[in-house]
Amino acid sequence: MKKYPMTISATCPKGHTLTLEERLAGKKIRCPRCQVVFQVPELDDDEDDDEAPAKGKAAARKNDAPGRRKVRQPVDEDDDDEDEDDERPSRRPVRRPADEEDEDDEDEEQLDPEEERKLARRAKKKALKLVNIGMLMHNIKLYLNSVGLLFFVGLIGILLFAYARGSELQDENPKKTVVVSALQMDVLRDRNMALGADAIVVQAAGGETLGSYAIDVLVLFATMLFMGLLAPLTGLVGSILACWIPKKSEARGSLIVSLCFDAVALLTFILWALAAADVFGMESMKTFRLMQLLWLITALSMILSWLMFLTFERNLGKYIGDARLGNEALNRIVGLALQVLILGIALVVNGVGAKLLGGVIGMILGFAALGGWLLYYLLFFLRKMITLFAAMRAALATKL
């Protein structure tokens, strides 16, 4: 009759129950399921008695021999059986259902360090792809802002020309109030009504009118459309996508602030459009002032949004290990501050030149100031911003 080797049960540190040959007791083995190396427990004397009575008797005879350690036999066999029954569950692990073992196997796969590293790398690549798309959206936002600024410069030019022409006509007809800009028409009318100055005639001398709603109002609306609606909306989407940047970069905070400023710019444009449509039912003078205030808030929100996004780019450059791009983003922050300063100086020169000099000389001085600002914007700020965006997106692409 063929003899089969005696078997024992052992449990690895991960909880997998194994059936092993008796000869492996006390030896180190590798679990075939989780590949963890552990030591198989030594055989218990009581367990040997249960599984092999004959072997237990031989062991008892050996213990009785001189020089052998004697094992104390129980006084009452029934009590011994009860003790063994009580202790046996603690020594022999109960085999769990197959479903529970499958769940343990799934957990083991999730806890595998190599698999975790693969999943982490995959999640990081996905996040950087979204950040790259967000950078592209902000690049589009930059172009939309540029178009809006060109319309803004055109609007200032129209108003300067209209003011200079109106000053000449006013000199020729000192008894009449000359209005050559449609944006000023309702404001001047309300002001005259508030003062009770019925003698002031709001009309152009000789029926001549320069500027109309088809020119300055439409240019103003196009300016706000690009700067107040399309650019902030694009930046809002880009910032939301870029928010998937890993927390380790420490760049998410400045990005969220940039996103909030884009949302404010979008909201103020909607309010500006409602005010322009006279939805609030206010007087023309109050409506005009409200539109000026909303326009100012929109412009400031756009500037602050760019400031915070450039801060985000600086932190992003550090995160991807390119300090040069981080330093270039810091330079663009300084360039943005200079851009705002030069624009403020140009607007002051426009106002002072129009009031003090007036006529053609004031108009030329205003155009020169705006032209200098626009030239600085195109050659320094816009060009370098486009270069920075391209380099940043290329650096992100290498990480994918």
Side-chain angles (χ1 to χ4, degrees), residues 137-166 179-188 209-238 261-280 284 287-306 336 339-340 342-344 346-347 350-351 354 363 366-367 369-378 381-383 385-386:
M137 299 300 291
H138 274 276
N139 199 10
I140 296 174
K141 172 189 171 182
L142 178 64
Y143 285 106
L144 293 175
N145 267 331
S146 302
V147 174
L149 287 174
L150 291 177
F151 276 110
F152 173 74
V153 173
L155 176 63
I156 297 298
I158 291 173
L159 293 178
L160 284 174
F161 179 76
Y163 186 85
R165 181 58 177 163
V179 177
V180 294
S181 172
L183 292 175
Q184 308 283 335
M185 184 73 74
D186 291 336
V187 177
L188 188 57
T209 303
L210 298 178
S212 65
Y213 285 99
I215 300 177
D216 47 9
V217 172
L218 288 181
V219 173
L220 175 61
F221 185 79
T223 302
M224 293 299 298
L225 179 64
F226 282 92
M227 294 184 62
L229 178 64
L230 297 179
L233 186 60
T234 306
L236 198 65
V237 176
F261 280 121
D262 277 327
V264 171
L266 186 61
L267 178 61
T268 52
F269 169 77
I270 295 174
L271 294 176
W272 179 89
L274 293 175
D278 201 18
V279 174
F280 302 117
S284 299
T287 301
F288 185 76
R289 288 177 178 175
L290 177 62
M291 291 173 63
Q292 284 182 323
L293 178 61
L294 293 173
W295 193 2
L296 178 62
I297 294 175
T298 300
L300 289 176
S301 298
M302 294 296 295
I303 293 171
L304 293 175
S305 173
W306 274 121
L336 178 64
Q339 187 71 34
V340 174
I342 295 174
L343 177 60
L347 293 177
N350 276 314
M363 183 181 67
F367 270 122
L370 284 175
W373 172 80
L374 184 61
L375 186 64
Y376 175 83
Y377 175 81
L378 294 176
F381 186 76
L382 180 62
R383 182 175 61 84
M385 282 286 286
I386 293 173

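Heavy-atom basis, side chains included; hydrogens, waters and symmetry copies ignored.
Shown here for G154 and V219, the closest heavy-atom pair between the two residues is C-CG1, 4.4 Å. Nearest heavy-atom pair, M137 versus G238, reported as atom, atom and distance to 0.1 Å: CB-CA, 3.6 Å.
A heavy-atom distance below 4.5 Å is found between the side chains of Y377 and L149. In this structure, W373 and V153 have side chains that are in contact, with non-hydrogen atoms separated by less than 4.5 Å. Between I297 and L293, the closest side-chain pair of non-hydrogen atoms falls below 4.5 Å. The closest side-chain heavy-atom distance from L296 to T268 is not below 4.5 Å. Between F226 and F152 there is no side-chain heavy-atom pair separated by less than 4.5 Å. Contact annotation: the side chain of L155 never approaches that of F151 to less than 4.5 Å [non-hydrogen atoms, C-beta and beyond]. The side-chain heavy atoms of F261 and I303, taken from C-beta on, include no pair separated by under 4.5 Å.
Atom CG of L233 sits about 11.5 Å away from atom CD1 of I140, to the nearest 0.5 Å. Considering CG of L271 and CE of M291, their distance stands at 12.0 Å, rounded to 0.5 Å. Note: T287 OG1 to Q292 CD = 11.5 Å, rounded to the nearest 0.5 Å. Between L150 atom CG and N145 atom CG the span is 11.0 Å, to the nearest 0.5 Å. Expressed to the nearest 0.5 Å, how far OH of Y143 lies from CG of L382 amounts to 6.5 Å. Note that CG of L374 is 11.5 Å distant from CD1 of I342, once rounded to the nearest 0.5 Å.
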Handout entry: Verdict with reasoning, D216 to L220, per side chain to side chain contact (heavy atoms under 4.5 Å, CB included)
Key = CA-CA 6 Å; D216 47 9; L220 175 61; over 6 Å; no

Practice task
Output, in order, the C-alpha distance, side-chain angles, deciding distance and verdict of side chain to side chain contact (heavy atoms under 4.5 Å, CB included) for L290 and F280.
Solution key: CA-CA 10 Å; L290 177 62; F280 302 117; 4.0 Å; yes

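Listed by first and then second residue, the salt bridge (Lys or Arg N to Asp or Glu O under 4.0 Å) pairs that reach into residues 139-161 are K141-D262, sequence neighbours excluded. Listed by first and then second residue, the salt bridge (Lys or Arg N to Asp or Glu O under 4.0 Å) pairs involving residues 149-159 amount to none (not counting sequence neighbours).
Formation of a donor-acceptor pair under 3.5 Å by the T234 side chain with backbone atoms of L230 is found in this model.
Shown here are the ring pair (Phe, Tyr, Trp, His ring centres under 6.0 Å) partners of F221, two or more places apart in sequence or in another chain: there are none.
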